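Values below: every heavy atom of this structure, side chains too, minus hydrogens, waters and symmetry copies. This structure is a prediction, so every number in the text was calculated from the model and none was measured.
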Amino acid sequence: MSTPALADVASGYRAAHTLPLRVELVRQLKRRRTMVMFGILAALPFVLVVAFAIGGDPEGRGDRITLMDTATASGANFAAVNLFVSAGFLLVIPVALFCGDTVASEAGWSSLRYLLAAPVPRARLLWSKLAVGLGLSLAAMVLLPVVALVVGTAAYGWGPLAIPTGGSLDAGTAAQRLVVVVAYVFVSQLVTAGLAFWLSTRTDAPLGAVGGAVGLTIVGNVLDAVTALGDWRHFLPAHWQFAWADAVQPRPEWSGMIQGTAVSVTYALVLFALAFRGFSRKDIVS
């Protein structure tokens, strides 16, 4: 189903004014899955506080001290630990959900063809849905450390970020570094967003798009664990997902994050381009 030619539409029609971002954002915010996902992320810091209260403060493993072992040192440490335990898998879920469910759900509800008949140009529809999906994904990633920082400060006090290797960062510097960490985690998840969005334009089943993106992300993590691949692992986005740890050092190291950003953005741009190209030629029947 194609968008009507300009000569066939009403006077005053402006393609750029169709499906405003505000309308799409409100529609997605009202969906139950959005509220449930935000609720789960907001609840995680409380769960960890209770876990530490029951099990006691984390202890080092012999002579080796990890970031997890410093979780109760301050609110900043607690926020960093929440990001550490979530970046590998939990934060993948909202990205895959918000970017993978957006187009496929319209097809599943048989409302996609009616949106295009409004008429909303296909590229405009995809841009609106992609922008909102990425915006909600970023909001989810900001929500977790913000809630963790508030909860951690209430439970363990406001103080410097203790570094496992020794030393610390004052509270102001730690807050700035955590902003960098959140930004990098978001960029590193753009590959999952691209996978989910591309799959969303290829199927009418939202669960297939979301599950496919999560599954492929897990496959990437598994491949990165195969040391026999050697330097080939450097081309896997999963290889760089924890490069943000270099930002929470007395002297931050940026090379890993720069390489990870380049890999993630490259994959994401290719996947987004495939989504737009395929959807522009797709016969919409639902």
Between [Y] and [X], is there a side-chain heavy-atom distance shorter than 4.5 Å?
{"X": "Q249", "Y": "L169", "value": "no"}
{"X": "D224", "Y": "Q241", "value": "no"}
{"X": "Q189", "Y": "S137", "value": "no"}
{"X": "N82", "Y": "P145", "value": "no"}
{"X": "V263", "Y": "P237", "value": "yes"}
{"X": "V248", "Y": "I163", "value": "no"}
{"X": "V151", "Y": "V147", "value": "yes"}
{"X": "T72", "Y": "F78", "value": "no"}

Taking atom [atom1] of [X] and atom [atom2] of [Y], what is their separation to the nearest 0.5 Å?
{"X": "H239", "Y": "R233", "atom1": "NE2", "atom2": "CZ", "result": "5.5 Å"}
{"X": "F98", "Y": "L138", "atom1": "CZ", "atom2": "CG", "result": "11.5 Å"}
{"X": "R27", "Y": "R22", "atom1": "CZ", "atom2": "CZ", "result": "13.0 Å"}
{"X": "F197", "Y": "L190", "atom1": "CZ", "atom2": "CG", "result": "13.0 Å"}
{"X": "E24", "Y": "L130", "atom1": "CD", "atom2": "CG", "result": "11.0 Å"}
{"X": "L223", "Y": "L236", "atom1": "CG", "atom2": "CG", "result": "6.0 Å"}

| field | Full working for side-chain contact (heavy atoms from CB on, under 4.5 Å) between V210 and L199 | value | CA-CA 8 Å; V210 176; L199 290 172; over 6 Å; no
Co-membership, hydrophobic cluster, residues [X] and [Y], 4.5 Å side-chain:
{"X": "L149", "Y": "V182", "value": "no"}
{"X": "V26", "Y": "V132", "value": "no"}
{"X": "L195", "Y": "V222", "value": "yes"}
{"X": "L271", "Y": "I218", "value": "yes"}
{"X": "Y267", "Y": "I258", "value": "yes"}

| said: Determine whether F38 and L143 satisfy the following criterion, side-chain contact (heavy atoms from CB on, under 4.5 Å), listing intermediate values before the conclusion. | reply: CA-CA 8 Å; F38 282 162; L143 175 66; 4.0 Å; yes
Please name the pair of heavy atoms, one in [X] and one in [Y], separated by the smallest distance, quoted to 0.1 Å.
{"X": "A196", "Y": "A96", "value": "CB-O, 3.7 Å"}
{"X": "Y184", "Y": "G256", "value": "OH-O, 4.2 Å"}
{"X": "D101", "Y": "P206", "value": "OD1-CB, 3.1 Å"}
{"X": "L161", "Y": "A80", "value": "CD1-CB, 4.4 Å"}
{"X": "A140", "Y": "P94", "value": "CB-CB, 4.1 Å"}
{"X": "A193", "Y": "L134", "value": "CB-CD2, 3.8 Å"}

[X] side chain to [Y] backbone, donor-acceptor under 3.5 Å:
{"X": "S105", "Y": "T102", "value": "yes"}
{"X": "R177", "Y": "G172", "value": "no"}
{"X": "S200", "Y": "V103", "value": "yes"}
{"X": "W240", "Y": "H234", "value": "yes"}
{"X": "T266", "Y": "A262", "value": "yes"}
{"X": "S74", "Y": "N77", "value": "yes"}
{"X": "S280", "Y": "R277", "value": "yes"}

| field | Whether over 12 other heavy atoms sit under 6.0 Å from W198 CH2 | value |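 12 or below, so no.
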| said: My understanding is that only one of V85, I93, L91 makes a side chain to side chain contact (heavy atoms under 4.5 Å, CB included) with F89; could you say which? | reply: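 Filter result, single survivor: I93.
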| said: Please determine whether side-chain hydrogen bond (donor to acceptor under 3.5 Å, both in side chains) holds for the pair T217 and T192, giving the CA-CA distance in whole Å, both sets of side-chain angles, and the decisive distance to 0.1 Å. | reply: CA-CA 6 Å; T217 300; T192 299; 3.0 Å; yes
| message | Apply side-chain hydrogen bond (donor to acceptor under 3.5 Å, both in side chains) to residues S255 and E253 and explain how you reach the verdict. | response | CA-CA 6 Å; S255 61; E253 173 61 49; 2.8 Å; yes
| task | Using the side-chain contact (heavy atoms from CB on, under 4.5 Å) rule, take L41 and M141 through it: C-alpha gap first, then chi angles, then the decisive distance, then the call. | result | CA-CA 9 Å; L41 292 173; M141 294 182 189; over 6 Å; no
| query | Mind checking whether F84 and W244 have parallel, tilted or perpendicular rings, split at 30° and 60°? | reply |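 The rings of F84 and W244 stand perpendicular, inter-plane angle above 60°.
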| task | Kindly indicate, with the supporting measurements, whether the criterion side-chain contact (heavy atoms from CB on, under 4.5 Å) is fulfilled by V226 and W232. | result | CA-CA 10 Å; V226 181; W232 286 104; over 6 Å; no
